[in-house]
Amino acid sequence: MQVNDNKEFQPLIVAFCCNWCSYAGADLSGTNRLNYPTNVKIIRVPCSCRVNPMFILRAFQKGADGVILCGCHPGDCHYTSGNYFTRRRMTLLFSMLDFLGIERDRTRVEWVSAAEGAKFAATMNEFTEAVKKLGPNRRLEDLRCRKQ
Amino acid sequence: MNTNDTLIPHIGVVTDIRIDTPDVKTFRVEAPEGGKVFEHMPGQCAMLSIPGVGEAMFSITSSPTNKEFMEFSIKKCGCLTNWLHAMDVGQMITIRGPYGNAFPVETELKGKDLLFIAGGIGLAPLRSVINYVRDKRENYGSIQVIYGSRSKDDLVDYKEILDEWMTDDGVEVDLTIDNAQEGWDGHVGFVPNYVKELNPSTNKTVLVCGPPIMIKFTLAGLKELGFTETQVYTTMELRMKCGVGKCGRCNIGNKYVCKDGPVFRYDQLGELPDEY
Amino acid sequence: MQEAMINKAKQLLADGTVSRVIGWKRGEFAYDITPAVFETAEELEKDFVFDDFTSANVSKYLVKESKKEGKVLVFLKPCDTYSLNQLTKEHRVDRDNIYVVGIPGGPKLDIEKIKAKGITGITSVKNDNFTLKIETLYGEETMPFYEAVLDKCASCKSKKHVTYDELIGEDGDTLESNRFDMVEQLENMTSQERYDFWRSELSKCIRCNACRNVCPACTCENCVFDNPASGIDNKAPADSFEENMFHIIRAFHVAGRCTDCGECSRVCPQHIPLHLLNRKFIKDINSLYGEYQAGADTTSRAPLTDYTADDCEASIVHERGVE
Amino acid sequence: MLRISADKIYELLGAASAAQTVYIPSEREDGEAEFKKYESGMKLTNRLNTLRSAKDFFFPQTEDLVEFKVDGKNIEISDVRKESEDFIIFGVRPCDARSFTILDKVYLVEPVDSFYKNRRDHGTVVTMACSRPAETCFCQTFGIDPTAPEGDCSVWNDGSYYYFKSNTDKGQKFIDSVTSLLEESDTAELDKSIEKTKEVMKKLPLANLSTENFGGDKLNEYFSSDKWAELSESCLGCGTCTFVCPTCQCYDIKDFNTGHGIKRYRCWDSCMYSDFTKMAHGNPRLTQLERFRQRFMHKLVYFPANNNGEFGCVGCGRCLSKCPISMNIVKVMKALEVK
């Protein structure tokens, strides 16, 4: 089989989006015909607080090169305080991943409201670029899942 | 590496799915090219699996005298069985076996009067034996089947029981259900009590299978009636992974249920530690 | 000390204050001590031991023991009292059914460190003025006491009992400990160096679950790693990812609840410094959300079940330290 | 007997590793020993034994069994087995060498486990007699002579020389491959050093531990013993003892979805784990007492019952030094023993 070395690396990004703000924001960026990479795979969650650390790790295991978590702006959570807990949790988790030597730019939390379609697209573009610079996820990948 | 290994399964195709009761379905399994995947003896088991879902041991409920296919009556109770219940005809599964010993149909049971006692899904392993002895009628004495279930709807293979077993000469079938229900004019009551009521002749050899609690009381009842432990056979189940006595899960005393069982004579069972 | 403890236990058994005693039981050798429940004065006389090797934190046994009939006496070292407090806070033990006698803490010894010196055939270990005199089948060996001290004791955080019904001896104070030194050292490495460090450590993991099962904070009735529905109930680390995942998730599940008792590293048969993961969380929590010591009290909110509106953003991770 | 002077042993290992992979017990940074692939510059450990047993070579902690491709209702099976390459494990202790014959009794009986057999066929076990047994050693209890190891080829070290004796064709092949480095000699020096070891063996704290009260016929005496509750009381239910044990052979079979197929693999499992026997309708071993009992009954009663009285323990002492709460087979044997 011929390997195409010229093909530019396209990182696979998993974006967890809260149902009330960020998912609507993503929707808005779509209806506004804003561009963001097709390799961003959105997973809708009821609240950013629903995302437990295992979700993030599982995404990396199954082939993600970067994982981003989007939720309502602090103070705007549909469930009052969900995203405040998320913020603490993800800060600690990302810090731990960094501590284990996993590149810190592979993870991010961003607050995107339902009105911020443009911010959503810009965030995804920027995040994808940052991950692209890092190359494929090798430090937190499951070799069994790598496509031959 | 061209040797076969029992841990590497074969492909089976589900060619028919019969709804027996609200939570039991009977699956017909054939090899992709038709015919049976392997031969077995009544009472033996096979490991069925859906890759990625799970693998578990099931008793083969069809008789070895059936040369076209194998059947498995499976109750919905866990992850794999839920999946199996949701699948359609044409689905491939993986199958390996046969595992375990079998009811001694060609040795100890030959020429004997047989009494089958089953409760609920416990009929599955016995159905294989019942149909085997019905097909080789000349080798065995009288046949009596005592079968009970929670309700009429929970009687597995009810149609076959009505249409084939009950119409057979020399096969006596006694059915019972736990609670009275509309459309049922048969016996009502638990199996162990029904056995005592029926008072079967003590020269029969007994094959019993059902929930542990039913087996326990049935055996006590049989003893009261004068049966000895060496006359009673039962079949067991424990968690299994390998099927060949190596993975260590179904170990009771020095026996492995998958290899030395699942069929045990009651006196052999008594020698094992009480851990099943 | 051992004598005083046995006498105390016998007295409390005799006057009916307690019906059982949790302590440590003598083994075959100088060092193989098993936590045990004693019910009679005779058992205590015969097998109760308290010496340089009684390092096991017995507070987790109270989850089971405190729910049984009759009050149970437990001897707790200062570090163990933090664990008990945390268990009390999480309603995992019935504190009213426990009689805590506080006893002085370590430093305790790590037999593995003695064996790592190549000393074998050990028949007795004596502390002679901070020199260990070790009798072996091949003659006597000596080594400095402090070289054989358990890691968890070498970075002791407190000599203070945070909960007790009675004390034997004087109570101590919390200490200025050096426990975050190694964490800091790692933080100052490059990402690649950290990765290499943890890979060489975590690749040793055999997933025996000793760290989880000994941990006083791990008291779930059914652990996520035992739950087939979780998809991560694997019995062995089948890939390097799973080695990382298991330890990240385990540390995360006890973050803000871990009292830093150090049992995880003590029991690890592969000597993986698992406490560093927990300490990283503790250090982060201290620096980001204010000083917090799990188990210091029984009422405060745990950092991960709490928040303030002006907490730092997760991006702080990207902005500090070495890449 | 053939021998080589101790300072030339690495020359010998180098020569052997030119033809096939050689594994030797070598020390890690933390002072523990483990089997590592020999490369020049590596040193043999001074530790008596490796932290993990040598069973990994034949029965690794995880191994792939078979792979599936699932496409709609169709399933495709692919056999991923590969012929193992030849390898030599150098420096296996007599206890671990015996553990292989115990594992053989499980994996090489019908139906033969082809995964195990493949590795067993290709592995040459070069054993090393013990000269400094530890306090935790009790291999004598199970009839193992640490000064006369089994295996394909036995090696003795008297301090100045390594002596070699082949026991099988595979062992002879190994000796043949390095024969140019070996010299013929008498064994007077070696015999002296063996005598010294035998003296130490008599002084071992567990030298008098006996199996005479255990065996296949002791099921009823021990199964319902009231000692189990006390013994299992502090058991954490972890798998340390199982995973460092050279004879524990239980395994689990699991599927892993890689996203582009299903890998079915097996991995070590432990009867000490709470879900080991758990099934849809319940668990026959509900508390740690039953699980704890199972492990020791299996080694001391069930296994001998099925294997002509051979016990499922080799007295390597790993569980004695590694159990987090120091509960182990020796304590169990001493507590249970009924005369």
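Note: hydrogens, waters and symmetry copies are ignored here, and every other heavy atom, side chains too, is used. Convention: sequence-line order gives letters A, B, ...; per-chain numbering from 1.
With a 4.5 Å cut-off on non-hydrogen atoms, D:Thr62 touches chain C through its side chain but not through its backbone. For a residue to count as touching a neighbouring chain, one of its non-hydrogen atoms must lie under 4.5 Å from one of that chain's; by this rule D:Pro205 touches chain C with the side chain only. Interface remark: D:Thr45 contributes no atoms to any contact with chain C (heavy atom separation under 4.5 Å). Of the atoms belonging to D:Glu230, it is side-chain heavy atoms, and not backbone ones, that fall under 4.5 Å from chain C. With a 4.5 angstrom heavy-atom cutoff, C:Lys64 touches chain D only via side-chain atoms. Within the 4.5 angstrom heavy-atom criterion, only side-chain atoms of D:Ser274, from C-beta onward, approach chain C. C:Lys25 touches chain D through its side chain: at least one heavy atom from C-beta onward sits under 4.5 Å away, while N, CA, C and O do not. Proximity to chain D (any heavy atom under 4.5 Å) is restricted, for C:Ile33, to the backbone atoms N, CA, C and O. Within the 4.5 angstrom heavy-atom criterion, atoms from both the backbone and the side chain of D:Thr240 approach chain C. With a 4.5 angstrom heavy-atom cutoff, D:Lys203 touches chain C via backbone and side-chain atoms both. Contact of C:Ala56 with chain D is not made at all, since no heavy-atom distance falls under 4.5 Å. For a residue to count as touching a neighbouring chain, one of its non-hydrogen atoms must lie under 4.5 Å from one of that chain's; by this rule D:Arg28 touches chain C with the side chain only. Residue D:Lys334 touches chain C through its side chain alone, counting heavy-atom pairs closer than 4.5 Å. Contacts of D:Arg132 with chain C are made by both backbone and side-chain atoms, with heavy-atom separations under 4.5 Å. If you measure heavy-atom distances from C:Gln270 to chain D, the contacts under 4.5 Å come from both the backbone and the side chain. Only the side chain of D:Glu32 comes within contact range of chain C, judged by heavy atoms closer than 4.5 Å. In this structure, chain C has a heavy atom under 4.5 Å from the side chain of D:Asp252, while its backbone stays farther away. Heavy atoms of C:Asn227 lying under 4.5 Å from chain D are absent altogether.
Remark: C:Lys108 NZ to C:Arg266 CZ distance equals 11.0 Å, nearest 0.5 Å.
There is no side-chain donor-acceptor pair under 3.5 Å between D:Gln61 and D:Asp56. A donor-acceptor contact under 3.5 angstrom links the side chains of D:Lys299 and D:Thr247, judged on distance only. With hydrogens and angles left out, the side-chain atoms of D:Gln288 and D:Arg291 include a donor and acceptor closer than 3.5 Å.
Below 30°, between 30° and 60°, or above 60°: for D:Phe59 and D:Trp268 the angle between ring planes is between 30° and 60°, a tilted geometry. D:Tyr107 and D:Tyr251 have parallel rings, their planes meeting at less than 30° on a 0 to 90° scale where 60° marks the start of perpendicular.
Residue with the most contacts toward chain D among C:Thr123, C:Asn213, C:Val267: C:Asn213 (heavy-atom pairs, distance under 4.5 Å). The most heavy-atom pairs under 4.5 Å with chain C, out of D:Asn328, D:Leu48, D:Leu206, come from D:Leu206. In terms of non-hydrogen atom pairs under 4.5 Å with chain C, the most contact-rich of D:Gly239, D:Cys267, D:Ser234, D:Pro324 is D:Ser234.
Screening C:Val93, C:Leu62, C:Val18 for a side-chain contact (heavy atoms from CB on, under 4.5 Å) with C:Val72, the sole residue that qualifies is C:Leu62.
A salt bridge links C:Lys204 and D:Asp30; the closest N-O separation between the charged side-chain nitrogens and carboxylate oxygens is under 4.0 Å.
In this structure, C:Phe48 has its ring center closer than 6.0 angstrom to the ring center of C:Phe75. C:Phe225 and C:Phe246 have their aromatic ring centers within a separation under 6.0 angstrom.
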